[in-house]
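Below: the structure, in structure tokens.
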Amino acid sequence: MQFGIFTVGDVTPDPTNGTTPSEHDRIKAMVRIAQKVEEVGLDVFAMGEHHNPPFVPSSPTTMLGYIAARTEKLLLSTATTLITTNDPVKIAEDYAMLQHLADGRVDLMMGRGNTGPVYPWFGQDIRNGIALAIENYSLLHKLWREDVVDWKGRFRTPLQSFTATPRPLDGVPPFVWHGSIRSPEIAEQAAFYGDGFFANHIFWPKEHTQRMIGLYRERYAHYGHGTAEQAIVGLGGQVFMRKNSQDAVREFRPYFDEAPVYGHGPSLEDFTRETPLTVGSPQQVIDRTLGFRDYVGDYQRQLFLMDHAGLPLKTVLEQLDLLGEEVVPVLRKEFEVNRPADVPDAPTHESLVAASKVSA
Amino acid sequence: MSERTLAVVTGGLRQPSSSRLLADKLAAAAGDELTRLGVTPKIEVIELRDHAHEITDNLLTGFAGAAFAKVVETVAGADGLVAVSPIFTASYSGLFKSFVDVLPDGSLAGKPVLIGATGGTARHSLALDHALRPLFAYTRSIVIPTGVFAAPEDWGGDEEGGRLDKRVSRAAAELAAEVARRDPATVEDPFALKTSFEDLLAGE
């Protein structure tokens with residue numbers, strides 16, 4: 001099983017002292033966090049893509065390419081890549097280039113983006129969100145698998161005799177996850193292609209995650225990619241830890257109360273009960289996280305959100321130490337217990353290359 | 001005998017609340033009328049004041065907490081709705097509107113709705129037709145023709161009170177007739193796929 005971090009890259013004032021990092025500070029902090037993820041023995045660093053303040057990561061492959069050069073084993077991913085407003089041709093080329101530079105340590109998570117104005121800024125309309133996600137991904141899928149593409153669709157200028165360059169490393173496209181909170185069409189899309197499905201699992205009650213994963217697993221089997229239990233599932237999660245759980249609650253509360261997404265709404269206690277957020281000791285985080293399997297089945301990837309809502313870099317790095325030293329080693333061991341042998345790991349470049357040689 | 005559920009939503013803030021009094025009158029009359037039509041009424045009363053924090057939380061987080069989700073389900077799954085708001089500053093109250101705002105899209109579509117309102121003077125009574133009726137028209141519900149406004153004097157003398165009861169009876173009969181002649185309400189599963197993937201790929 002893979003463990004890692006996903007970041008949205010928000011620039012948020014620290015509510016405890018009012019200081020706001022500069023964009024430069026925040027960008028450098030994201031790089032430092034990615035390096036730390038590798039140092040503490042986690043597997044994946046995934047970053048968001050946004051085209052509006054207060055977010056900095058508009059250019060994920062630039063940042064991931066830089067991180068690739070400063071890490072050895074870390075798997076680089078996105079959370080999410082905007083499949084709606086990006087040109088699928090540029091996604092095909094940018095991520096194939098990144099895949100070469102990172103020696104295959106790359107996968108992607110597709111998402112639609114939910115900020116209305118971003119669509120018109122890129123010449124699109126949010127009401128076409130699902131249709132864009134379906135058409136653009138269908139083209140991207142083709143561009144990575146067919147050397148010469150003739151294509152015509154609704155949203156992009158047609159292509160005649162087009163070859164996306166560079167070709168994917170070893171002729172094997174990066175593995176793709178599709179992320180969605182509540183659109184069954186996206187679970188269906190992931191199942192259709194035999195791709196992975198990722199549930200945000202942060203802002204919404206677990207029942208939503210359970211329904212979406214259940215639908216994805218059922219349709220994955222329907223399309224003949226394997227059994228429902230073999231579908232490739234990833235989950236988000238949000239934790240804040242201190243050795244003593246009361247310290248965790250006391251320290252996190254001001255960040256929670258002012259957080260951009262849920263601040264000034266439910267209490268920390270309500271939100272902890274209603275969503276997968278866990279604020280407490282490392283043992284509490286272990287117990288809660290192991291419980292995810294009870295409602296989604298054995299899964300392949302667990303990403304945590306750690307560096308948001310104005311938390312200072314120093315605190316985030318301490319959280320990563322706790323995660324790497326005390327939490328993830330136990331999770332790795334415990335998630336293996338009773339895991340059926342035929343439930344696969346998440347695909348990696350190596351496993352996909354091996355599979356392509358078998359099928360060739 | 002078949003059964004139909006009436007959800008009764010009242011936005012009154014005070015205890016006792018005149019909006020609640022009006023809602024109870026409307027619900028009781030509609031229930032009696034359903035019984036007369038051979039339908040067993042099941043009445044579920046929702047006082048929005050009890051859910052004020054949950055409604056705000058839902059606005060901010062985008063989801064209904066577990067307890068509040070049951071309230072939303074009750075309204076979405078009801079066969080008919082009695083909706084009563086106090087009139088504040090020329091319109092329905094903010095809390096009442098916020099509740100309608102957090103109901104999932106389409107959850108009132110095709111549902112018979114009886115609108116009621118209360119206010120400090122009868123001069124607010126047109127708010128029923130200028131504010132509540134268009135609000136529920138937007139939700140594609142079937143707003144029954146008679147709306148009922150209760151001013152302070154309606155709770156007083158026999159003559160005025162008798163007039164309120166007449167309006168209540170007429171509105172309740174209209175609601176009951178609309179509810180009784182329909183099949184039981186069904187709730188759409190938001191996680192159900194409505195289009196095949198082949199059709200999605202084909203741009204349909």
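Here is how names work: the chains are called A, B, and so on, in the same order as the sequence lines, proteins then strands, and each is numbered from 1. What you see below is based on every heavy atom in this structure, not just the backbone, and it leaves out hydrogens, waters and symmetry mates.
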Heavy-atom proximity to chain B below 4.5 Å, by part of [X]:
X	answer
A:Glu185	both
A:Thr275	side chain
A:Phe271	side chain
A:Phe192	side chain
A:Phe155	neither

**Prompt:** Do A:Phe6 and A:Phe198 have ring centroids that are under 6.0 Å from one another?
**Reply:** yes

Could [X] and [Y] be called an ion pair, given the rule that one side-chain N must be under 4.0 Å from one carboxylate O?
X	Y	value
B:Asp129	B:Arg133	yes
B:Arg36	B:Asp32	no
A:Asp87	A:Arg156	yes
B:Glu178	B:Lys111	no

**Prompt:** So which part of B:Ala69 gets closer than 4.5 Å to some heavy atom of chain A, the side chain, the backbone, both or neither?
**Reply:** neither

**Prompt:** Under 6.0 Å from the six-membered ring centre of B:Tyr92 and within 45° of its axis: does the NZ or CZ of B:Lys97 meet both?
**Reply:** no

**Message:** Going by side-chain hydrogen bond (donor to acceptor under 3.5 Å, both in side chains), A:Glu49 matches just one of A:Thr85, A:Thr80, A:Asn86, A:Thr81. Which one?
**Reply:** A:Asn86

**Prompt:** Mind checking which of residues 42-64 of chain B sit less than 4.5 Å from chain A, heavy atom to heavy atom?
**Reply:** B:Asp57, B:Leu60, B:Thr61, B:Gly62, B:Phe63, B:Ala64

